[in-house]
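Here is the structure we will look at, set down as structure tokens.
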Amino acid sequence: MTTDPIDPGVVVGHVHLKVSDLERSIAFYRDVLGFEVMQRMGDSAAFLSAGGYHHHLGLNTWQSRGAGPAPRRAAGLFHAAFLYPTRRALAVAYRRLVDHAIPLEGAADHGVSEALYLRDPDDNGLELYRDRPRSDWPRSPDGSLEMFTRPLDLPALLALARTGTPDPGGPGED
């Protein structure tokens, strides 16, 4: 049995979610988050992406059409996380949430990243986040990673989305 770590080039390629109402879910991921519909499979599935990739997100009703959300206290997906390339891109995503009156469940600065937490129409947990450069990650004196959870400055993030310029005293663009 091998104990070698996974290849560092491996990435999570896409998330595929069971949804109860395909049109409602497409509207959320397309109109609120900004994903593009790449392909549909009739009224049972759709594949969406950022930037024209074949798909980052699959949505289907194959086993879930008309069903209620999964129980919160059951095993399963805690959340799907979408990595934004810059703080400004995350700020624009936050502005989209505000413009569509989508409530946040949380917003945190983890030292290594800044994250927004919310739920989709089927109560699936989502994290929208951006990583800080690795050279800025908090480390202990022995060099190990020291992540934390502190409140994220949402007014500064929203200001960045509106002005396009980094907020004074806050982390700027990567």
Taking all heavy atoms of [X] and all of [Y], pick out the closest pair and write down the distance.
X	Y	value
Ala115	Glu127	CB-OE2, 3.3 Å
Asp153	Pro155	OD1-CD, 3.2 Å
Asp131	Ser113	OD1-CB, 3.5 Å
Ala107	Leu104	CB-CD1, 4.3 Å
Pro138	Leu145	O-CD1, 3.6 Å
Asp43	Arg40	CA-NH2, 4.2 Å

Test log, rule salt bridge (charged side-chain N to carboxylate O under 4.0 Å, His left out), inputs Glu23 and Arg30: CA-CA 10 Å; Glu23 295 308 320; Arg30 181 193 60 216; 5.9 Å; no
Just by modelled atom types, is the [Y] backbone N or O under 3.5 Å from a matching donor or acceptor in the [X] side chain?
X	Y	answer
Thr163	Ala159	yes
Thr61	Arg65	no
Asp122	Asn124	no
Thr86	Ala89	yes
Arg95	Leu157	no
Trp137	Arg132	yes
Arg139	Glu146	no
Arg130	Glu114	no

Would [X] and [Y] show up in the same hydrophobic cluster when neighbours are defined by side-chain heavy atoms closer than 4.5 Å?
X	Y	value
Tyr84	Ile102	yes
Leu17	Phe28	yes
Leu158	Tyr117	no
Leu83	Leu77	no
Leu48	Met38	no

What is the distance from atom [atom1] of [X] to atom [atom2] of [Y], rounded to the nearest 0.5 Å?
X	Y	atom1	atom2	value
Asp120	His79	CG	NE2	13.0 Å
Leu126	Leu128	CG	CG	6.5 Å
Leu57	Ser25	CG	OG	9.0 Å

Within the 6.0 Å centroid threshold, strictly below: His16 and Phe47: yes
Output field: ring centroids His55/His14 closer than 6.0 Å: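 His55 vs His14: aromatic centres under 6.0 Å.
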Side chains of Thr149 and His110, donor plus acceptor under 3.5 Å: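 Distance-only check passes for Thr149 and His110.
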Any side-chain heavy-atom pair of [X] and [Y] under 4.5 Å:
X	Y	result
Leu97	Leu33	yes
Val112	Met147	yes
Ile26	Phe35	no
Leu154	Tyr94	yes
Tyr53	Glu36	no
Arg24	Val19	no

Crowding at CZ, Phe78 (>12 non-hydrogen neighbours, <6.0 Å):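 Atom CZ in Phe78 is not packed in, count stays at 12 or less.
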Intermediate values then yes/no, salt bridge (charged side-chain N to carboxylate O under 4.0 Å, His left out), Glu105 and Arg119: CA-CA 8 Å; Glu105 285 196 330; Arg119 302 202 79 74; 3.3 Å; yes
Qualifying salt bridge (Lys or Arg N to Asp or Glu O under 4.0 Å) pairs with a residue from residues 75-86, counting only residues at least two apart or across chains: none
Trace of the side chain to side chain contact (heavy atoms under 4.5 Å, CB included) decision for Leu90 with Val92: CA-CA 5 Å; Leu90 181 64; Val92 170; over 6 Å; no
